[in-house]
Amino acid sequence: MQALTENAMFISFVGSLATLVVCIVAGYIGRKAQVLTDQINAGMSTLLVKITLPCMVFVSMMRPFSATLLLESLATLVISAIVYLSGYLFGLLLARLMGAADDEKRVWQFALVFANVGYMGFPIIQAIYGAEGLIYTTMANVAFNVLAFSLGIYLFKRTANADIKANLKAILLNPALVATYLGFLFFITGLRLPAVVQEGVALIGGMTVPLSMLLVGAILAKSKPADLVSDPRVLPVIALRLLGIPIATFFVLRLFISNPVMLEVIVILAAMPVAALTVIFAEQYKGNTAVASKLVALSSILCLFSIPLISLLLQG
């Protein structure tokens, strides 16, 4: 049974990664062929943040609600938020130890807070645990969305003379966070849009993954392939993202969580690579897109080896 679980995790992960790589390569070729220009990339970034991502967020929360799962679901939301915030503290410490520049520090912190829950977490958890694991993944994704479109935006937009009240208003009214409010309301109450409307929203949300990966590929094409491995400073960030944070999460949470599925889902989601949203936000808010692209690309490749190690830890 353990072998089956490990094989399922590995096969699902490889399949998900291969799909993303195809989209990244297409974006890379499109940029080299001058099909995806800087102007088009900027438009794609805006489209993702303001339209397709909010639709994906909303639809991802259209899950059957059960009162039995309410407490565990809310606990997963809170615990996931704590796990994400621990990444922020790791990022602060690492940035100080390594003397990161301000633009590097923001990307590092975002990368250590936010793992790729939406694009890789959902398919992997569904393959291993089915519907039983998806409810926990959904709640972890709620925490991700709330923090990504509040703390995440703040990390990229903060300036010494920033108007905190203006930033707070912009954050709270961010389209993806508004979609999270509505999605949670629908999740709790069991409300649903008319089928034809919900299918349309789902269709728009489905554009998020290929568009984001195309954008990653287009941004990667701006630098030479050798540049991806030319900066050893990103390796500690990736090591923390793929191994440090999930291992620490496991050893702490095993003391408090008795439900093995809930525990394993949280730990596996913590072991996902750097969120593709890192590149999208870096592009959208004029951050260091080169560093963001390296983190996303390298962590997505290296987690091919780290995920099986985390699965062995869980089974042990």
Side-chain angles (χ1 to χ4, degrees), residues 9 53 56-63 65-66 69-91 109-126 128-129 131-155 171 174 176-177 179-181 183-185 187-188 240-278 281 299 303 306-307 310-311 313-314:
M9 180 183 296
L53 265 174
M56 187 188 74
V57 166
F58 180 79
V59 172
S60 73
M61 300 180 68
M62 296 299 99
R63 310 283 175 174
F65 179 78
S66 168
L69 291 175
L70 177 59
L71 292 179
E72 284 188 341
S73 299
L74 293 176
T76 300
L77 189 155
V78 174
I79 292 169
S80 297
I82 294 172
V83 172
Y84 295 142
L85 292 174
S86 70
Y88 177 74
L89 297 178
F90 277 119
Q109 289 174 341
F110 192 96
L112 289 175
V113 174
F114 301 107
N116 199 334
V117 174
Y119 304 158
M120 299 183 75
F122 272 110
I124 289 175
I125 295 301
Q126 185 174 27
I128 300 169
Y129 301 103
E132 184 180 4
L134 281 180
I135 185 63
Y136 304 116
T137 309
T138 299
M139 299 312 291
N141 200 45
V142 171
F144 177 99
N145 291 326
V146 170
L147 289 174
F149 294 98
S150 55
L151 174 63
I153 291 176
Y154 169 74
L155 287 175
I171 287 168
N174 178 274
L177 200 51
T180 300
Y181 305 148
F184 192 76
L185 175 64
F187 173 70
I188 292 294
L240 276 174
R241 171 72 277 155
L242 298 181
L243 294 173
I245 292 175
I247 290 174
T249 298
F250 170 72
F251 281 108
V252 172
L253 294 185
R254 68 185 299 201
L255 302 175
F256 306 100
I257 298 178
S258 58
N259 184 331
V261 174
M262 178 180 171
L263 172 62
E264 292 173 18
V265 167
I266 293 173
V267 173
I268 292 172
L269 292 178
M272 291 294 107
V274 176
L277 199 59
T278 310
F281 274 11
S299 65
C303 68
S306 63
I307 291 290
I310 298 299
S311 70
L313 175 66
L314 293 172

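All heavy atoms count here, side chains included; hydrogens, waters and symmetry mates do not.
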Do Leu269 and Thr137 come close enough that some side-chain heavy atom pair is under 4.5 Å? yes
Shortest non-hydrogen pair, Ile247 vs Leu313, comes out as CG1-CD2, 4.0 Å
Ala270 and Thr249 have their tightest heavy-atom pair at CB-OG1, 4.3 Å
Residues in side-chain contact (heavy atoms from CB on, under 4.5 Å) contact with Val261, at least two apart in sequence or another chain: Tyr129, Glu132, Tyr136, Asn259, Val265
Give, for atom CG of Leu314 and atom CD1 of Ile268, the distance between the pair rounded to the nearest 0.5 Å. 5.5 Å
Do Leu263 and Phe250 make a side-chain contact, defined as non-hydrogen atoms from C-beta onward lying under 4.5 Å apart? yes
So, for Tyr84 and Tyr88, is the gap between ring centers shorter than 6.0 Å? no
Where do Ser306 and Cys303 come nearest, in terms of heavy atoms and distance? OG-CA, 3.0 Å
Just do the side chain to side chain contact (heavy atoms under 4.5 Å, CB included) check on Ile257 and Ile266 with the steps written out, would you? CA-CA 10 Å; Ile257 298 178; Ile266 293 173; 4.1 Å; yes
Counting C-beta onward and ignoring hydrogens, is there a side-chain heavy-atom pair between Phe256 and Val252 closer than 4.5 Å? yes
Would you say Leu253 and Met262 make side-chain contact, with heavy atoms under 4.5 Å? no
For the backbone of Pro246 and the side chain of Arg241, can you confirm whether one donor and one acceptor N or O come within less than 3.5 Å of each other? no
Least distance between heavy atoms, Ile245 atom then Leu112 atom: CD1-O, 3.4 Å
Contact check, side chains of Arg254 and Val267, non-hydrogen atoms, under 4.5 Å: no
Verify side chain to side chain contact (heavy atoms under 4.5 Å, CB included) between Asn141 and Val57, making sure each step is shown before the conclusion. CA-CA 8 Å; Asn141 200 45; Val57 166; 5.5 Å; no
Full working for side chain to side chain contact (heavy atoms under 4.5 Å, CB included) between Met139 and Phe184: CA-CA 9 Å; Met139 299 312 291; Phe184 192 76; 3.6 Å; yes
For Phe281 against Ala148, the heavy-atom pair lying closest together: CE2-O, 3.3 Å
For Leu53 and Leu277, run side chain to side chain contact (heavy atoms under 4.5 Å, CB included): C-alpha distance rounded to whole Å, both residues' side-chain angles, the deciding distance at 0.1 Å, then the answer. CA-CA 10 Å; Leu53 265 174; Leu277 199 59; 3.5 Å; yes
Check: Phe187 ring centroid to Phe58 ring centroid under 6.0 Å: no
Compare all side-chain heavy atoms of Phe114 with those of Thr278 and state whether any distance is below 4.5 angstrom. no
Ignoring hydrogens and angles, tell me if any N or O in the side chain of Ser299 forms a donor-acceptor pair with the backbone of Val274 under 3.5 Å. yes
If I compare all heavy atoms of Ile307 with all of Ala271, which pair ends up nearest, and what's the gap? CD1-O, 3.6 Å
